[in-house]
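In what follows, every chain begins at residue 1, and chains take the letters A, B, ... in the order their sequences are listed.
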Number of protein chains: 2
Amino acid sequence: MLRARTPAAKDERRQALLKAALDEFFDRGFTAARMDDIARRAGLSKGALYLYFDSKDALFIALIETVAAPNVEKVEHLAAAAPSATAALHALTGFMPHLIRETPLPRVVKVLLADAGAFPDVVRRYRSQVIDRVLAAIAAVLERGKRSGELAVDDPKLTARLVVAPVLLSAIWSVVFEIDPEARVDLDALFALHKKMLLHALAANPDAAK
Amino acid sequence: MLRARTPAAKDERRQALLKAALDEFFDRGFTAARMDDIARRAGLSKGALYLYFDSKDALFIALIETVAAPNVEKVEHLAAAAPSATAALHALTGFMPHLIRETPLPRVVKVLLADAGAFPDVVRRYRSQVIDRVLAAIAAVLERGKRSGELAVDDPKLTARLVVAPVLLSAIWSVVFEIDPEARVDLDALFALHKKMLLHALAANPDAAK
DNA sequence: CTTATATAACTGACTGGTCAGTTATATAAG
DNA sequence: CTTATATAACTGACCAGTCAGTTATATAAG
């Protein structure tokens with residue numbers, strides 16, 4: 001293996017190791033995954049892996065903390081930048097199929113859930129720094145729709161959970177149950193329907209919704 | 001340990017072992033869970049455990065296949081026995097808090113998801129014999145509401161997924177993120193809201209929609 | 001443009017501990 | 001005495017983490 005001498009090259013190698021770790025943790029679970037296999041998958045020896053990460057735990061933690069952040073910012077941006085609450089819901093539901101199909105996020109979520117028991121503080125951080133922020137962003141959209149008269153919302157925080165629920169369902173489905181293509185779901189159709197039903201359910205005045 | 005000689009006593013012991021296995025698999029994951037600990041938790045030695053289950057894999061498979069079935073039947077019954085589609089949705093959403101708080105199902109789901117990679121055929125069976133049946137029962141309720149003119153439903157199978165989504169969310173939430181009581185969610189309120197929004201979204205009366 | 005020296009990236013054999021599954025032995029019950 | 005149930009000591013495979021040694025690369029000296 002060519003050596004990584006510059007900081008940039010080392011960072012690249014770190015990324016490759018994280019990707020390899022995700023692949024192995026996802027396929028075999030944290031405990032069954034072998035450090036040797038992770039290293040080999042990234043084209044390195046086990047010893048070299050330990051130059052980049054102190055331990056298997058440290059590798060796991062780095063993996064979880066790395067992947068979610070950019071998507072949280074994307075969601076917060078979509079929620080805040082839209083011209084109206086309705087437009088925000090449109091943008092968010094439109095983004096979900098991409099998030100689920102093209103992002104490592106669903107696999108990371110599965111890995112996190114799988115080994116939650118062994119890493120309670122990672123779970124706590126994830127909840128406060130990822131999930132709570134996403135729920136807050138959506139609740140803010142709903143509040144905004146309520147204030148502007150666009151939407152009828154009783155409990156924005158609780159409603160936000162219902163808005164998010166299909167995202168978790170689709171994420172889990174796509175990485176766990178969609179092994180055989182027979183089980184494939186049309187995410188564009190699913191989230192289009194979700195949006196439509198949400199807007200019906202939250203329509204501000206029932207007589208003249210549209 | 002006193003010997004279990006009658007078939008009933010042996011069955012009781014099997015149940016105790018399955019319960020102990022769920023506890024250990026849930027806490028530590030399949031690979032990290034120790035057969036010795038599972039046996040001890042059920043008040044037996046490891047050797048005795050092997051009198052009841054051939055291998056760790058067999059124990060895992062038995063666990064997954066045992067727990068879901070009665071709940072599937074309960075859901076199918078609730079869906080079919082209700083006098084109307086609206087009543088069925090009422091009964092189903094009312095049942096969910098109990099299902100999540102008082103049955104082992106959420107923990108079994110978490111265990112299944114966690115080690116899905118190692119048991120692809122268990123996952124496939126679970127999908128076809130548990131999930132698909134539940135989705136079909138809900139789709140049937142929606143179809144029924146459509147035919148009777150109670151509900152406006154375009155795509156019952158896709159809609160059924162959206163009906164189920166909050167159940168998975170709550171199940172995962174309750175067993176993974178609800179470690180600290182601060183994060184506790186009021187499931188009765190959540191599913192009451194879900195029902196309300198569903199009925200709004202699917203309201204048949206077309207002078208309000210479109 | 002060599003060649004020598006220094007450095008840090010990298011390797012893989014090894015160790016200590018763990019654990020699934022087996023088996024020799026013990027004992028309760030008929 | 002015989003059989004079914006249970007135990008705990010045992011075995012063999014496996015793997016995280018370590019470390020003594022190897023090698024690619026940078027740079028200084030000739």
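The NZ atom of A:K10 sits 15 Å away from the P atom of D:dT25 (whole-angstrom rounding). Rounded to an integer number of Å, the gap from CG of A:L49 to C1' of C:dA9 is 14 Å. Rounded to an integer number of Å, the gap from A:F60 CZ to D:dA16 C1' is 17 Å. Rounded to an integer number of Å, the gap from A:L51 CG to C:dT7 C1' is 14 Å.
Checking the phosphate oxygens (OP1, OP2) of D:dA8, a side-chain nitrogen or oxygen of B:R40 falls inside 4.0 Å. Taking only side-chain nitrogens and oxygens, B:Y52 never comes nearer than 4.0 Å to OP1 or OP2 of D:dT5.
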If you look only at distance, which donor and acceptor atoms sit under 3.5 Å apart when one is on a side chain in residues 65-73 of chain B and the other is two or more places apart or in another chain?
from: B:E65; atom 1: OE1; to: B:R125; atom 2: NE; distance (Å): 3.2
from: B:E65; atom 1: OE2; to: B:R125; atom 2: NE; distance (Å): 3.1
from: B:T66; atom 1: OG1; to: B:A62; atom 2: O; distance (Å): 2.5

Distance-only criterion, 3.5 Å: show the donor-acceptor pairs between side-chain atoms of residues 178-186 of chain A and protein atoms not counting sequence neighbours.
from: A:E178; atom 1: OE1; to: A:R101; atom 2: NH1; distance (Å): 3.0
from: A:E178; atom 1: OE2; to: A:V185; atom 2: N; distance (Å): 3.0
from: A:D180; atom 1: OD1; to: B:R127; atom 2: NH2; distance (Å): 3.0
from: A:D180; atom 1: OD2; to: B:R124; atom 2: NH1; distance (Å): 3.0
from: A:D186; atom 1: OD1; to: A:D188; atom 2: N; distance (Å): 3.1
from: A:D186; atom 1: OD1; to: A:A189; atom 2: N; distance (Å): 3.1

Pairs of donor and acceptor atoms involving the side chains of residues 26-36 of chain B, under 3.5 Å and at least two apart or interchain, shall be tabulated with distances.
from: B:R34; atom 1: NE; to: B:D37; atom 2: OD2; distance (Å): 3.1
from: B:R34; atom 1: NH2; to: B:D37; atom 2: OD2; distance (Å): 3.3
from: B:D36; atom 1: OD1; to: B:R40; atom 2: NH1; distance (Å): 3.1

Listing, residues 80-92 of chain B side-chain donor-acceptor contacts under 3.5 Å, not counting sequence neighbours, or none:
from: B:S84; atom 1: OG; to: B:A87; atom 2: N; distance (Å): 3.0
from: B:T86; atom 1: OG1; to: B:E150; atom 2: OE2; distance (Å): 2.4
from: B:H90; atom 1: ND1; to: B:K195; atom 2: NZ; distance (Å): 2.8

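Within the nucleic acid shown, A:F53 has no heavy atom closer than 4.0 Å to any nucleic acid atom.
Between B:E143 and B:V153, every side-chain heavy-atom pair lies at or beyond the 4.5 Å cut-off.
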Fill in the blank from the handout: 5' to 3', nucleotides 17-24 of chain C under a 4.0 Å protein heavy-atom cut-off (B base, S sugar-phosphate only, - none) gives --SBBB--
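Residues forming a side-chain hydrogen bond (donor to acceptor under 3.5 Å, both in side chains) with B:D115 (at least two apart in sequence, or on another chain): none.
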Practice task
Go ahead and write out DNA chain C as dot-bracket, 5' to 3': ( ) for pairs within the strand, [ ] for ones crossing earlier pairs, | when the partner sits on another strand, dots for unpaired; Watson-Crick or G-U wobble, both distances under 3.5 Å.
Solution key: ||||||||||||||||||||||||||||||
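Here side chain to side chain donor-acceptor pair (under 3.5 Å) pairs that include residues 164-175 of chain B, with residues two or more places apart or in two chains, number zero. Residue pairs satisfying the salt bridge (charged side-chain N to carboxylate O under 4.0 Å, His left out) criterion with at least one member in residues 80-94 of chain A, sequence neighbours excluded, are absent.
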